[in-house]
Amino acid sequence: MSYHVLALLLLASGTAVLLISAAALAVLPGPYLRLHALSPATSLGAPLVALAIAVDTGPDRAAVKLLFIAVVLAAGGTVTTMAIGRATFLLEKRSARESGQ
């Protein structure tokens with residue numbers, strides 16, 4: 001299998017994950033379900049797209065930079081999702097306390 005075909009498969013997979021996550025974001029109610037829908041986009045979809053570009057670029061410095069970006073996106077997306085979920089929980093908890101519930 002050529003590198004170009006592999007890059008196209010990775011790009012199609014990443015794009016599919018991103019599109020499904022975007023559709024779920026539009027349909028799902030509530031912040032926690034929306035975060036659940038966006039988690040695959042940040043931890044899988046975007047890194048797959050970066051990996052596809054790195055494979056298509058070939059073995060040079062640009063590919064190494066793209067692989068680093070893919071790793072940062074995969075790790076950073078998960079951490080960001082957790083941080084937003086925690087902040088939302090604490091904000092809802094504070095709002096409930098202030099409203100007397």
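Computed from heavy atoms alone, side chains included, the values below leave out hydrogens, waters and symmetry copies.
To the nearest 0.5 angstrom, L6 atom CG is 4.5 Å from L10 atom CG. Note: L35 CG to M82 CE = 10.0 Å, rounded to the nearest 0.5 Å. Taking CG of L44 as the start and CD1 of I20 as the end, the distance is 10.5 Å to the nearest 0.5 Å. Residue L51 holds its CG atom at 6.0 Å from CG of L67, rounded to the nearest 0.5 Å.
The two residues L73 and P47 make their nearest non-hydrogen contact at CB-CG, 4.0 Å. Here the closest non-hydrogen pair linking A63 and G58 is CB-O, 3.0 Å. Contact between A70 and A50 at its shortest, heavy atoms only, is CB-CB, 3.9 Å.
The side-chain hydrogen bond (donor to acceptor under 3.5 Å, both in side chains) contacts involving residues 8-33 comprise Y32-E92, where partners must be two or more places apart or lie in separate chains. Residue pairs that meet the side-chain hydrogen bond (donor to acceptor under 3.5 Å, both in side chains) test with at least one member in residues 53-71, sequence neighbours left out, are H4-D56.
Applying the under-4.5 Å side-chain rule to Ile, Leu, Val, Met, Phe, Trp and Tyr, the cluster around F68 extends to V72.
Side-chain contact between T42 and T78 is absent, with no heavy-atom pair separated by less than 4.5 Å. Taking the side chain as every heavy atom from C-beta outward, L25 and L38 approach each other to under 4.5 Å.
A distance-only check finds no donor-acceptor pair linking the side chain of T80 to the backbone of G77 [under 3.5 Å]. R34 contributes no side-chain N or O that, together with a main-chain N or O of P29, makes up a donor-acceptor pair within less than 3.5 Å.
Criterion: ILVMFWY side-chain heavy atoms under 4.5 Å apart, direct or through other members. Under it, V55 and V17 are part of a common hydrophobic cluster.
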